[in-house]
Amino acid sequence: QVQLVESGGGLVQAGGSLRLSCAASGRTFSYDMGWFRQAPGKSREFVATISWSSTTTYYADSVKGRFTISRDNAKNTVYLQMNSLKPEDTAVYYCAILIRINPPPIASGSWGQGTQVTVSS
């Protein structure tokens with residue numbers, strides 16, 4: 001079973017940047033992967049997904065042009081580069097293994113503990 005550990009969150013001012021990492025351990029890392037987020041009082045939502053070969057990516061409209069998902073399979077790690085952050089990006093960010101990459105993506109159900117991102121205005 002693959003375990004996922006997210007890191008890189010923090011407090012940043014609006015307009016700033018953060019880079020999140022998701023390290024996977026366990027079985028081989030040949031999965032499509034995704035980033036999701038959950039703000040207080042809201043449902044978890046799709047942010048970005050990436051195929052195992054990195055050839056296909058999808059982004060939620062709310063982050064398109066500001067966030068970039070990438071991966072390094074040699075390091076079993078998926079990244080989310082977040083630029084031009086807005087207060088509405090404040091949420092706990094989670095990575096997940098996907099069973100469907102095409103929007104709306106479907107996660108396998110195995111989640112990490114998440115990493116908090118707080119954007120101040």
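Atom set for the values below is all heavy atoms of this structure, side chains included, hydrogens, waters and symmetry mates excluded.
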Can you list the steps and then say if Ile50 with Tyr59 is a side chain to side chain contact (heavy atoms under 4.5 Å, CB included)? CA-CA 9 Å; Ile50 186 168; Tyr59 295 92; over 6 Å; no
Please assess Val78 against Cys95 for the test side chain to side chain contact (heavy atoms under 4.5 Å, CB included), listing each intermediate value before the final yes or no. CA-CA 8 Å; Val78 178; Cys95 66; 5.7 Å; no
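Placement of Tyr94 and Tyr58 within a single hydrophobic cluster is found when ILVMFWY residues are connected by side-chain heavy-atom separations under 4.5 Å, directly or transitively. No path of Ile, Leu, Val, Met, Phe, Trp and Tyr side chains, each step under 4.5 Å between heavy atoms, connects Trp111 with Ile97, placing them in separate hydrophobic clusters. Phe46 and Tyr31 are assigned to two separate hydrophobic clusters, defined by single-linkage of ILVMFWY side chains at heavy-atom distances under 4.5 Å. A continuous path of ILVMFWY side-chain contacts below 4.5 Å connects Val2 to Leu80, so both sit in one hydrophobic cluster.
In terms of heavy atoms, Ala23 sits closest to Thr77 at CA-OG1, 4.2 Å. Closest heavy-atom contact between Leu98 and Pro105: CD2-CB, 4.2 Å. Residue Arg100 comes nearest to Asn102 through the heavy atom pair NE-O, 3.4 Å, listed as atom of the first residue, atom of the second, then distance. Scanning both residues, Val117 and Gly9, for their nearest heavy atoms gives CG2-CA, 4.1 Å. Between Ala24 and Leu4, the shortest heavy-atom contact is CB-CD2, 3.8 Å.
Between Met82 atom CE and Thr68 atom OG1 the span is 11.0 Å, to the nearest 0.5 Å. Rounding to the nearest 0.5 Å places CG of Asn76 at 12.5 Å from CD of Gln3. Taken from CG in Asp32 to CD1 in Ile106, the straight-line distance is 12.0 Å, to the nearest 0.5 Å. Atoms CD and CG, from Gln81 and Leu20 in turn, are 8.5 Å apart once rounded to the nearest 0.5 Å. In this structure, Leu85 CG and Thr118 OG1 are separated by 10.5 Å, a value rounded to the nearest 0.5 Å.
Between the side chain of Thr55 and the backbone N or O of Ser53 there is no donor-acceptor pair closer than 3.5 Å. A donor-acceptor contact shorter than 3.5 Å links the side chain of Glu6 to the backbone of Gln113. Of the possible donor and acceptor atoms, one in the side chain of Arg66 sits under 3.5 Å from a partner among the backbone N and O of Ser84. Looking at Arg71, its side chain does come within 3.5 Å of a backbone N or O of Ser51 through a donor-acceptor pair. Side-chain atoms of Asn73 never come within 3.5 Å of backbone atoms of Ser30 as a donor-acceptor pair (strictly under, hydrogens ignored). Thr90 contributes a side-chain N or O that, together with a main-chain N or O of Val119, makes up a donor-acceptor pair within less than 3.5 Å.
A heavy-atom distance below 4.5 Å is not found between the side chains of Met33 and Thr49.
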Could you give the side-chain donor-acceptor pairs of residues 34-42 under 3.5 Å, partners two or more places apart or in another chain?
unit_1, atom_1, unit_2, atom_2, d
Trp35, NE1, Tyr79, O, 3.4
Arg37, NE, Glu45, OE2, 2.6
Arg37, NH1, Asp89, OD1, 2.9
Arg37, NH1, Tyr93, OH, 2.9
Arg37, NH2, Glu45, OE2, 3.2
Arg37, NH2, Ser62, OG, 3.4
Gln38, NE2, Lys42, O, 3.1

